[in-house]
Amino acid sequence: MTKQSDQEKAELRPVRGALSGLVTAALALGVAELAAGAIGRSVAPAIVVGGAAIDRTPRWLKEFAIEQFGEKDKIVLLSGIFVTVALLAAVIGVIATRWRRIGLTGAACLGLIAALAAATRPQFEPIDVVPSLVAAVVAVLGLAWLLSLTAVGHSAGRRAVLGTSLLALAAMATGVAGRQIQNLRTDVAASRRALRLPRPALPAASLPEGAELNVPGVSSFYTKPADFYRVDTALSVPKLTTDEWKLRIHGMVGEELTLSFDDLLARPIVEHDITMTCVSNEVGGGLVGTARWLGVELAPLLREVGVDAKSDQLVGTSVDGMTIGTPVSAVLDGRSALLAIAMNGEPLLPEHGFPCRMVVAGLYGYVSATKWLVDLELSRFDAFDPYWVRRGWDQQAPIKTSSRIDTPRPLSRVKAGRIAVAGVAWAQHRGISQVQVRVDGGAWQEARLSAEVNDDLWRQWVWEWDAPSGSHTLQVRAADSSGEIQTEDRAEPFPNGSSGWQSVLVTVE
Ligand SMILES: Nc1nc2c(c(=O)[nH]1)N[C@H]1C(S)=C(S)[C@@H](COP(=O)(O)O)O[C@H]1N2
Ligand SMILES: [Mo]
């Protein structure tokens with residue numbers, strides 16, 4: 001061997017090391033995906049690490065992420081995890097070319113960290129650490145093997161290229177196969193297709209005339225399921241079929257009850273129109289939507305199991321361990337409170353809680369709307385803090401009166417003359433009685449409201465404006481049915497929902 005090629009080899013070493021680290025990490029993740037498929041649980045390393053990270057994300061970071069990435073925040077987090085793992089794997093690979101032991105230990109540690117993360121997940125079962133442990137073993141063996149190929153001797157280079165390619169292929173094959181197995185084992189799409197929605201014994205009335213103002217640019221009265229905002233902590237959409245689904249109702253009850261999906265369908269089916277809102281909605285924000293929900297009334301079910309008079313909190317738990325606490329009094333006071341199975345005539349979309357979720361009129365989603373619901377426990381507010389309450393949000397959170405300008409859009413340019421200023425307003429379970437608009441801080445003008453359908457729904461509004469040229473600020477405010485006008489005081493969403501009047505700046509030319 002010539003001196004020159006020796007030198008070349010030394011220069012190439014870090015590159016080979018980094019590549020070996022990367023390919024081994026990919027293979028470890030691929031095999032872990034297979035293992036997750038084999039045990040039939042959504043516990044691939046990136047998922048458990050991401051889930052653990054979400055649960056520990058400080059509020060400022062969460063708010064920043066939602067502001068920057070919106071509903072793409074989960075893709076961003078997962079990508080961040082993969083990039084981090086790739087960087088660490090490359091560094092470990094380089095280190096391993098010089099200090100084999102340290103490198104291999106590093107590789108094992110990555111898998112062990114994931115196993116640790118798995119063990120902290122709410123629905124943890126011991127078997128959930130298996131994919132991460134398998135990843136650790138594969139990482140160590142794979143890296144050691146690749147390093148042994150590149151180490152010494154004639155045609156080490158060629159063997160290294162072959163070995164690396166082989167592992168890369170195996171990584172892809174195992175990853176894809178693992179995913180496939182997971183999808184086949186729990187075929188949510190098939191379960192959803194197979195679900196024949198029952199007819200409601202009590203259908204919702206069709207919309208009265210004038211419920212929809214048909215002003216271009218205003219949110220449609222019913223929000224399409226695909227356009228409906230999505231807010232949850234689930235890194236991968238929980239998979240649950242109607243066959244597997246069961247709902248246990250227990251805790252402070254006379255007699256506990258477990259329902260299968262067929263049991264649920266056998267009960268009287270109702271249909272209710274409800275506008276749902278997220279507590280994280282900023283003034284003027286889009287985390288609000290309306291749907292026609294099909295499902296089973298919750299109040300009769302609670303009466304059937306016999307709720308202890310001392311129980312004041314109904315805790316819903318989802319299949320992925322989210323907990324949400326709802327006042328028992330709200331569920332029993334006659335308002336719409338449903339175990340919903342469909343939205344606007346279609347089975348729930350997987351991301352909106354298929355096959356069954358809770359919906360309660362008048363309460364923010366984090367205290368009422370458990371998706372992928374599998375457990376209802378009658379408890380007490382002083383005995384149990386659900387997920388968001390543990391993170392400082394209020395135990396109880398009725399929706400605040402709010403109004404939003406949908407058109408003209410903020411910072412848009414419009415032509416001088418008559419234009420429609422329009423939007424929506426909501427104060428669920430109290431109802432909206434009035435919406436007012438003003439320009440540049442002038443006198444408040446009455447907007448025309450759409451026909452009221454029920455007090456759990458938003459109303460559209462419109463105000464005709466003779467827009468003079470120049471820059472103008474439009475403001476809106478609404479009053480609920482008691483006549484109380486929404487407060488001007490600005491509040492951030494934390495800890496019980498935003499407040500304040502929305503201002504929209506437009507340029508008229
Ligand atoms: N399992 C589960 N259910 C959940 C959540 C969640 O993170 N996990 N988020 C809640 C919140 S904060 C809101 S606002 C609503 C949103 O429902 P959507 O995504 O169908 O619009 O779901 C609620 N139900
Ligand atoms: Mo929410």
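One-based numbering, in listed order, for ligands and for the atoms of each.
Relative to the six-membered ring of Phe494, Arg59 meets both conditions, a distance below 6.0 Å and an angle of at most 45° to the axis.
With Asp385 contributing its side chain and Val389 its backbone, the two residues share no donor-acceptor pair below 3.5 Å. Within the 3.5 Å criterion, the main-chain N or O of Asp394 finds no donor-acceptor partner in the side chain of Trp388. Side chain of Trp372 to main chain of Met322: no donor-acceptor pair is present (N/O by atom type, distance under 3.5 Å, no hydrogens or angles). At least one donor-acceptor pair closer than 3.5 Å links the side chain of Trp461 to the backbone N or O of Val424. For the pair Ser311 (side chain) and Ser379 (backbone), a donor-acceptor distance under 3.5 Å is present.
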CA sep, side-chain torsions, deciding dist, call: Arg41, Asp128, salt bridge (charged side-chain N to carboxylate O under 4.0 Å, His left out): CA-CA 7 Å; Arg41 292 178 57 86; Asp128 294 351; 2.5 Å; yes
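Distances from atom 20 (O) of ligand 1 to the heavy atoms of Glu71, Met322, His352 put His352 nearest. Atom 23 (C) of ligand 1 has its nearest heavy-atom neighbour, among Ala369, Pro225, Pro238, in Ala369. Looking at Asp320, Val231, Leu287, Thr223 and measuring to atom 11 (C) of ligand 1, the nearest heavy atom belongs to Val231.
Of all the heavy atoms of Ser318, the ones lying under 4.0 Å from any atom of ligand 1 belong exclusively to the side chain. Contact annotation: for Phe228 versus ligand 1, heavy atoms closer than 4.0 Å belong to the side chain alone. At a 4.0 Å heavy-atom cut-off, ligand 1 touches Trp372 through the side chain alone.
Distances below 4.0 Å separate heavy atoms of Cys278 from the following atoms of ligand 1: 14 (S). Below 4.0 Å from some heavy atom of Tyr366 lie the following atoms of ligand 1, by number and element: 11 (C), 12 (S).
The shortest N or O to N or O distance between Asp232 and ligand 1 is not below 3.5 Å. The N/O atoms of Thr277, backbone and side chain alike, include none that comes under 3.5 Å of an N/O atom in ligand 1. Taking any N or O of Trp388, backbone or side chain, none lies under 3.5 Å from an N or O belonging to ligand 1.
Aromatic ring orientation, His352 versus Phe228: perpendicular (interplanar angle above 60°, classes split at 30° and 60°).
The local environment of CZ in Phe69 is crowded, with over 12 non-hydrogen atoms from other residues, nucleotides or ligands closer than 6.0 Å.
The one candidate from Arg430, Gln428, His429 that meets the side-chain hydrogen bond (donor to acceptor under 3.5 Å, both in side chains) condition with Asp456 is His429.
In this structure, the protein non-hydrogen atom closest to atom 17 (O) of ligand 1 is Arg357 NH2, 3.0 Å. Protein heavy atom at the shortest distance from atom 21 (O) of ligand 1 is Tyr229 O, 2.6 Å. When only non-hydrogen protein atoms are considered, atom 3 (N) of ligand 1 lies nearest to Lys371 N, 3.0 Å.
The closest approach between any non-hydrogen atom of Ile324 and ligand 1 is below 4.0 Å. No heavy atom of Met358 sits closer than 4.0 Å to any atom of ligand 1.
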